[in-house]
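Have a look at the structure below before the remarks.
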Amino acid sequence: MSSPSGSTFQTFPEYQPDPSIRDDAIRDGHLNDCWQEFFDSCREHGKGILEEWRRETFRLSRERGLAYHADVSGSGWFLDPVPWIISIDAWSELEKGISQRSLLYDAILRDLYGEQKILRTGLLPPALVFSSPGFVRSLKGSLLQASTPGIGMAGFDLARIRDGSWTVLNDRFDGTFGLGLALENRTVVNQVLPDLFRRCQVRRIGHFFKDWFNYLADTTDARATHPRVVILDSNLEGSPESNFLSNYCGIPRAAAQDLTVRSGSLWLKALSGLEPVHSIWNRDIGVGFDPLGVPRGTPGGPPGAFEAMRLGSVAVASHPGVAVLESPGIYPFTDRLCRELLGEDLLVKNVKTWWGGEPGSLLYILENLHQLVIKSVTHSPIFKTYYGRLCSTDELAGLRDLIRSCPGKYVGQEELEISTVPTTGSDGLIPHRAVLRGFAFIDHHKNARVMPGGLARVGRADGSIVSTRSGGASKDIWVRGEIPDAPIRIAEEVEQSRIHVKDVVTSRSAENLFWAGRYAERTDFVARFAFRLIISSVLGFSFGRKLEKDHETLLFNGLFEFLDLKAWLKARPPFDQSIGLLLNDRSCPASVSFNLSNFNQACLGAREKWSPLSLHAIQKIVDDWNEGTNLVTSPYQFRPHLERLELNLAAFVGLNLDSMTRDAGWALLDAGRAIERSLTLAGLLDFLFSSAMTLPTETLLCESVLVITDSLRTYQSRFYSAPSRNLSLQLLLGVGDYPRSISFLVKRMSQNLAKLPGEDSRVRILEKLASLDKFIGEFVSKNQFSSAPAVLSEISEELQNLSDDLTKSYFSHASE
Amino acid sequence: MEVLRYRVRHQTSYKYSGRVDLCHSLVHLTPREDRGTRILSHRLDIDPIPDFLAEHPDYFGNHVHYFSIQSSHKALRVISLFIIEKDPAPSSPQLAGLAWDQYPSLSTTADESGVLFEEFMLPTGSCPLIDETLAFLRPSLEPGKDLLTLADEVMSRIHREFVYSPGTTETDTPLPAVLKNKKGVCQDFAHVMIACFRALRIPARYVSGYLETLPPPGKPKLQGADASHAWVEIHIPGTGWVPFDPTNNLRPGDRHIKLGHGRDYFDVQPLRGTFLGSGKQQLRVEVDVERL
């Protein structure tokens with residue numbers, strides 16, 4: 001029964017790659033040594049293990065916020081548990097190639113923004129560079145100093161072709177995607193396959209991050225002993241990568257709107273005031289870094305930023321003019337460029353490419369269109385990539401006309417035969433084509449540092465094209481080492497570096513947290529009010545008495561008054577329509593749907609402050625509501641959705657209590673809730689006191705207010721009497737130990753807002769709260785209920801005033 | 001031969017309806033010292049006084065000032081005041097001695113300021129490569145025609161066929177609209193002429209500057225009656241950059257005072273800024289060109 005070790009059937013009978021395509025694990029029936037441990041492990045555990053790994057990987061990546069929109073079937077972003085294992089030798093070849101390519105592209109960049117020798121000597125056609133929207137003329141001369149960051153964090157997409165050699169498919173420098181995902185993938189897969197990870201002696205990637213952060217710190221002006229480094233990523237609603245990276249290393253994330261230039265220096269608009277920024281890890285895409293320097297560009301970063309760069313007061317990596325390097329039009333010239341700029345031969349080739357801007361190449365492209373891949377030289381939302389072999393004759397003719405109309409805009413590329421790697425499928429291992437994204441940067445000694453690992457992306461099972469846009473899965477990359485790497489905790493390393501690590505709350509996230517608190521509370525209020533209306537209408541219907549009818553009308557009118565809907569709506573529509581309006585009409589400025597959407601936006605605006613679980617909870621609040629109420633046709637059908645909404649909101653609040661750091665940001669989130677709730681309470685009590693009514697109606701109305709404020713039970717256990725407005729006022733306004741009373745909420749605000757920075761503003765705000773507290777105390781002790789409406793409206797005014805003061809003092813820095 | 005001296009005063013005033021707390025600006029209002037011109041004095045007066053002011057050359061070798069004002073203000077005034085000395089313009093050649101369709105490839109060559117000609121041969125946002133340009137140009141494109149003859153002809157055709165009509169276009173009115181409506185101001189006409197020559201792969205650039213205006217005979221010159229002006233330079237191998245003013249149908253000479261050049265208007269926009277604040281802005285520009 002014995003057969004030579006390494007035969008396919010002996011190692012893992014279920015994995016049978018297509019013999020006509022090169023596979024990275026099994027070739028000519030023989031197992032590539034570096035995969036031995038993996039297949040051993042599969043054999044030990046039996047076939048079911050793959051499914052178990054898959055489920056565990058999915059669970060962990062969802063928990064970490066990596067794959068929230070994905071499902072286990074593989075749509076969306078999906079992480080495959082099977083790593084792409086790379087041998088010591090294969091990696092060593094690849095590492096040299098990546099290293100050289102980083103140096104080459106850095107040299108190209110420095111020349112383009114400097115002397116332009118490569119253009120003058122015809123090594124690179126000037127038209128290719130000058131017609132690129134990524135070439136930022138106002139940055140000329142900004143790279144003259146060797147210490148100024150050039151390519152920053154580079155990403156290279158590489159595939160192994162038939163002969164086993166590596167080929168470059170793409171070069172990415174502008175907001176390089178994937179680094180955070182590589183990090184998360186590693187964390188997850190390491191947890192799923194800990195033994196295998198150890199047995200394979202996988203190289204650790206933490207050291208690479210440590211070097212990178214030290215590099216960022218060292219790019220800054222030497223005069224700053226503890227330079228402030230920020231990760232710039234303005235797309236708050238986009239990929240969570242920047243948050244992963246920020247959490248991993250304890251370096252704050254900023255959006256462009258958080259930055260401002262004053263006197264030629266860059267500052268972060270923080271809750272504590274303007275903080276100097278010395279170094280930026282630039283993960284923003286596009287050339288809009290300084291809208292002043294790029295006329296008619298996409299408005300993005302802070303105006304004056306190029307000036308700050310020019311003065312050397314801030315270092316920006318990657319350089320904001322780096323997008324020019326991403327053109328595949330450079331590919332036909334890389335061999336010569338490498339020889340001229342580095343004095344050596346190009347080690348890893350890029351995919352064979354013809355640029356339409358050269359007459360000879362244009363001719364070739366037009367004649368061989370049916371077997372080429374046609375791409376635009378710039379990222380274009382309009383022009384997709386065409387695979388000649390998949391195009392109809394008509395499509396090819398259209399494409400030919402398009403290319404002829406502006407040949408310099410297009411390249412033709414050879415279509416590569418990309419190797420496969422083992423990937424979990426619905427039933428065992430399946431070969432999938434895979435592309436590796438490697439990462440590298442150039443350090444201060446002009447050495448390239450290459451991450452020993454990266455991000456793998458695999459194509460779909462049908463063997464078609466590998467692309468992140470069309471879904472597909474990702475993988476961790478395991479580079480095998482000679483000896484086990486020492487483990488590393490990056491946050492500690494960063495702490496020990498020069499980098500200024502004190503966490504900072506940006507004004508943007510502070511303001512958004514404050515409003516997230518207010519909108520959460522407002523949503524809750526409208527939902528509870530509407531719920532009560534639905535219940536009371538049912539009661540009114542079943543009793544059919546005037547009393548219930550009066551109560552319902554009063555309550556309803558009260559709500560419309562309270563929500564100030566008169567400006568928006570002339571007359572209140574009939575009951576059913578009104579409920580629909582209040583609940584799921586997104587255009588109604590008081591509806592639950594409207595407030596939820598604002599809540600969601602505010603949460604995303606402070607995205608870096610939430611844990612993955614909180615983000616999940618936020619998403620669930622919104623999704624459950626929107627999906628659940630989509631098909632509701634009558635008020636009563638809202639009931640289960642209102643119950644779920646309440647539960648979801650409570651879970652969100654509980655989660656925050658449980659998991660958020662009690663910093664100034666949290667204080668503002670909670671202050672937002674407390675202010676909104678106090679305003680609601682004051683408004684409801686005012687409503688009780690300003691409507692004339694009979695005693696039975698008063699009882700019913702007070703009961704409603706107590707239900708809406710979730711206080712009926714407390715009332716009953718305290719007073720043992722039918723609800724009256726005087727006692728309701730006592731409970732909801734003045735009982736200091738009752739968490740749902742205004743008095744308690746004011747004390748809670750005082751406690752939390754004492755965490756705010758900025759001595760003057762803090763003292764003023766705390767004084768306001770103290771005097772409000774005293775005012776309430778005095779009123780309650782006097783028991784003069786007749787003055788209630790005036791007192792309540794004064795309280796509302798004071799709270800509104802407080803909210804405005806917070807905005808002026810902490811959220812906007814305009815007049816400093 | 002007598003040198004010419006000019007004093008130029010260019011005042012830009014903004015009035016804001018609300019308070020402006022922070023403003024950043026780039027200024028292209030200092031003349032470059034091309035051959036035959038010397039700056040005798042130059043001053044940039046900014047009110048309120050900027051918190052930060054710096055100067056550096058731009059990509060094309062023009063002077064740029066950057067300034068920021070970081071305290072609350074309701075108005076901004078920028079005055080550029082300079083005295084320039086010009087040698088009398090050399091007589092412009094009538095013929096290039098080169099046909100437009102025999103133009104050599106200059107792609108990897110640089111002009112006297114070190115900028116590659118290719119920069120001035122490619123389309124830009126204001127001077128795109130479009131069929132309408134070629135359609136306009138076609139009647140003048142006889143094979144073998146001398147390049148300068150062609151340039152003069154295109155210049156005079158723009159002058160003849162387009163209506164000078166201030167207020168009909170904005171700084172960002174697209175070229176197709178200008179070509180269709182045949183209306184515009186000096187800046188639009190310069191863009192049209194540049195687009196024509198770039199379509200032929202002949203280097204053409206945008207010039208920002210001033211033109212001395214002469215008052216009607218017997219009348220005094222009015223203050224602030226002058227304006228910023230724009231014209232075109234086309235590169236003639238062996239001769240250099242030759243200026244053309246399609247707005248006035250003439251080859252610029254003594255009365256044209258150049259500030260700077262670029263690929264189009266946006267490379268040499270006199271004053272570009274962003275401000276943080278609320279409300280609307282009111283802009284007023286006054287220019288005086290005085291021969292000394």
Side-chain angles (χ1 to χ4, degrees), chain A residues 112-113 115-133 135-142 257 260-265 267 274 290-297 299 301-308 310-311 313 321 357-358 405-406 408-409 812-816, chain B residues 19-26 50-61 64-72 105-110 114-126 128-131 171-172 201 262-269 272-278:
Chain A
L112 293 182
Y113 288 103
E115 286 183 73
Q116 299 185 337
K117 246 189 289 182
I118 57 177
L119 304 182
R120 282 161 217 274
T121 52
L123 282 170
L124 196 60
L128 188 61
V129 174
F130 295 158
S131 54
S132 162
F135 184 58
V136 185
R137 285 164 186 79
S138 42
L139 286 170
K140 181 166 189 202
S142 61
Q257 74 218 62
T260 180
V261 174
R262 309 279 165 104
S263 305
S265 299
W267 306 79
L274 294 180
D290 182 349
L292 201 58
V294 187
R296 302 192 291 179
F306 287 171
E307 199 60 35
R310 194 172 285 119
L311 289 163
S313 62
E358 287 202 321
S405 74
C406 198
K409 271 193 187 161
S812 82
H813 287 274
S815 48
E816 274 177 54
Chain B
R19 221 167 41 122
V20 169
D21 292 312
L22 178 64
C23 97
H24 298 272
S25 294
L26 281 184
D51 294 272
F52 187 85
L53 176 69
E55 193 207 346
H56 56 84
D58 73 2
Y59 186 87
F60 302 98
V64 192
H65 286 85
Y66 159 83
F67 70 84
S68 66
I69 298 170
Q70 294 153 210
S71 54
S72 198
S105 168
L106 295 178
S107 181
T108 58
T109 326
V115 178
L116 285 163
F117 283 116
E118 185 71 44
E119 284 284 19
F120 306 111
M121 289 153 76
L122 291 166
T124 65
S126 302
L129 183 61
I130 44 171
D131 291 343
T171 55
D172 56 356
R201 299 264 313 143
R263 293 166 303 155
D264 60 29
Y265 168 78
F266 288 97
D267 279 337
V268 282
Q269 201 174 350
R272 173 159 82 233
T274 64
F275 66 88
L276 190 67
S278 53

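Please read all numbers here as calculations on a predicted model, not as lab measurements. Heavy-atom basis, side chains included; hydrogens, waters and symmetry copies ignored.
- Contact of the B/F52 side chain with the A/R262 side chain is not registered, since no non-hydrogen atoms from C-beta on lie closer than 4.5 Å.
- Both the backbone and the side chain of B/T274 come within less than 4.5 Å of a heavy atom of chain A.
- B/S107 approaches A/P126 most closely through the heavy-atom pair O-CG, 3.4 Å.
- Counted within 6.0 Å of CG on B/D51, heavy atoms from surrounding residues, nucleotides or ligands total more than 12; the atom is thus considered enclosed.
- Residues A/R120 and B/A110 approach most closely at NH1-CB, 3.2 Å, considering heavy atoms.
- Residues A/L292 and B/R272 come closest through the heavy atom pair O-NH2, 3.0 Å.
- The structure places OG1 of B/T109 at 12.0 Å from CG of A/L119, a figure rounded to the nearest 0.5 Å.
- Interface residue A/L311: only side-chain heavy atoms are found under 4.5 Å from chain B.
- B/L26 contributes atom CG, which lies 7.5 Å from atom CG of A/D290 (distance to the nearest 0.5 angstrom).
- For chain B, the nearby parts of A/S131 are the backbone and the side chain; heavy atoms of each come within less than 4.5 Å.
- Looking at heavy atoms from C-beta onward, A/R137 lies in side-chain contact with B/F60 at the 4.5 angstrom threshold.
- Contacts of A/T121 with chain B are absent, with no heavy-atom separation under 4.5 Å from either backbone or side chain.
- More than 12 heavy atoms of other residues, nucleotides or ligands shown are found within 6.0 angstrom of NZ on A/K140.
- At a 4.5 Å heavy-atom cutoff, the contact between A/V261 and chain B is made by backbone and side-chain atoms alike.
- Here the CZ-NE2 distance, from A/F306 to B/H56, works out to 11.0 Å after rounding to the nearest 0.5 Å.
- Going from atom CD of B/E118 over to atom CZ of A/F130 covers 7.0 Å, rounded to the nearest 0.5 Å.
- Here B/D131 contributes atom CG and A/S405 contributes atom OG; the two are 9.0 Å apart, rounded to the nearest 0.5 Å.
- Going from atom CG of A/L128 over to atom CG of B/L122 covers 10.5 Å, rounded to the nearest 0.5 Å.
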